[in-house]
Visitor: 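There's a structure below that I have some questions on.
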There are 2 protein chains.
Amino acid sequence: MKDQLHISEQVCFPVYVFAKEIINQYRPLLTELELTYPQYLVMMVLWEYKEQTVNQLGEKLKLDSGTLTPLLKRMEQKDLVCRTRSTIDERLVHISLTLKGEALKEKASCIPAQLMESMNVSLEDLTNLKNIITKILKQ
Amino acid sequence: MKDQLHISEQVCFPVYVFAKEIINQYRPLLTELELTYPQYLVMMVLWEYKEQTVNQLGEKLKLDSGTLTPLLKRMEQKDLVCRTRSTIDERLVHISLTLKGEALKEKASCIPAQLMESMNVSLEDLTNLKNIITKILKQ
DNA sequence: ATCAATTAAATTGCGCACAATTTAATTGTG
DNA sequence: CACAATTAAATTGTGCGCAATTTAATTGAT
């Protein structure tokens, strides 16, 4: 029987490398906006939904409070988001955009196109990739 | 023009989530062997190549010495690998398996199959996925 | 042979990512 | 109402991942 314990036989390893490579491609673009990739993900959710609790962000981004709490505090330090504990239910912390955070959307608008260019991938491969992965993740 | 700054429109986000999900699927299997996923990758390279310098490992795994040096020290602590500075070229550190590290290959042999099962993906999707990603990474 | 340039690994510092636990508030049940 | 169970966020601790720098050894060009 064939030995499966080789890097070259693995499917997971290319996925792992590819995910890191994507973040590395984003890095120079996001550094200009003083954002990391996970912070950029938070911004995208907030640009779309205006306000989210820590849990809601966590569900959308698949991150827990152990990751999000310190990350959001750093974003608060940079005056990108507000963290406000709910008065109705004091367990909840609402995350919303500051004016600076709202304004950053404009600057970020060119990032998707820039990234597409830097990755140099056909639209076809990209859609196939997305379809397969979302199919796997849905189960 | 359509707003591209939405999580749902992104291709990179599913890749990022998928890569994390893979590592989370590996976690319970690898925890039994007292390995993390990156440590498992190092083991796979060493099971195949017997001995590697830090740089050679880094090239194969796309990791730098800043990541590998402390990781390899932890693996040395667990008596999985030996770190030996070369006498011929003292800049090089050779990483090789201990007997315990060599023996772990046996225990790890079932992991690829177990992971395939826990991921519940068709072989077709998996090969397509791998082909697209390796194609993109090759450029 | 000398010394600048290169190379390899280690170090420093920061930001995730996640398991496990803690703290505090709310809900649900008798 | 009381109080156990649940929920939300924060905290603690460990291990990557990478940029930037440092340390030390080797190479190469004159």
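Every chain is numbered from 1 and lettered A, B, ... according to where its sequence line falls, protein lines coming before strand lines.
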Visitor: For A:R91 and D:dT6, is the shortest distance between a side-chain N/O and OP1 or OP2 below 4.0 Å?
Guide: no
Visitor: Within this structure, what is the OH-to-P distance between B:Y37 and C:dA19, rounded to whole angstrom?
Guide: 17 Å
Visitor: Applying a strict under-4.5 Å side-chain criterion to I, L, V, M, F, W and Y, I'd like to know whether B:M44 and B:L99 cluster together.
Guide: no
Visitor: Should C:dG30 form a Watson-Crick or G-U wobble pair with both distances under 3.5 Å, which nucleotide is its partner?
Guide: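 Because both required distances fall under 3.5 Å, C:dG30 counts as paired with D:dC1.
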Visitor: Have a look at A:V42 and tell me which of A:L63, A:L68, A:T36 forms a side-chain contact (heavy atoms from CB on, under 4.5 Å) with it.
Guide: A:L68
Visitor: With a non-hydrogen cut-off below 4.0 angstrom, is B:T36 in contact with a base, only sugar-phosphate, or nothing?
Guide: sugar-phosphate
Visitor: At less than 4.0 Å, is any side-chain N or O atom of A:N55 found next to OP1 or OP2 of D:dT7? Yes or no.
Guide: no
Visitor: Going by modelled atom types, is there a donor-acceptor pair between the base of C:dA9 and the side chain of B:T69 at under 3.5 Å?
Guide: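 Check fails, no donor-acceptor contact within cut-off.
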Visitor: Nearest whole Å is fine: how far is C:dG15 C1' from A:Y40 OH?
Guide: 19 Å
Visitor: Counting the atoms with a prime plus P, OP1 and OP2 as sugar-phosphate, which does B:L68 contact under 4.0 Å by heavy atoms, base, sugar-phosphate, or nothing?
Guide: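 The answer is nothing, as B:L68 stays clear of every strand by at least 4.0 Å.
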Visitor: Looking at B:Q39, I'd like to know whether one of its side-chain N or O atoms comes within less than 4.0 Å of OP1 or OP2 on D:dC16.
Guide: yes
Visitor: Within the structure shown, what part of the strands sits under 4.0 Å from B:I88 by heavy-atom distance: base, sugar-phosphate, or nothing?
Guide: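 The residue B:I88 makes sugar-phosphate contact but no base contact.
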Visitor: Using a 4.0 Å heavy-atom cut-off across all strands, classify A:D64 as base, sugar-phosphate, or nothing.
Guide: base
Visitor: Hey, does the side chain of B:R27 come within less than 4.0 Å of C:dA17's phosphate (OP1/OP2), counting only N and O?
Guide: no
Visitor: Between C:dA10 and B:R85, is there an OP1 or OP2 to side-chain N/O distance shorter than 4.0 Å?
Guide: yes
Visitor: Quick check: any donor-acceptor pair below 3.5 Å linking the side-chain of B:S65 to the base of C:dA8?
Guide: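 Absent.
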Visitor: For C:dC16, take OP1 and OP2 only and decide whether either is under 4.0 Å from a side-chain N or O of B:Y16.
Guide: no
Visitor: Please work out if A:L63 contacts a base, only the sugar-phosphate, or nothing of the nucleic acid, heavy-atom cut-off 4.0 Å.
Guide: sugar-phosphate
Visitor: Should A:K20 be listed as having a side-chain N or O under 4.0 Å from OP1 or OP2 of C:dC16?
Guide: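 Looking at the OP1 and OP2 atoms of C:dC16, neither is under 4.0 Å from any side-chain N or O of A:K20.
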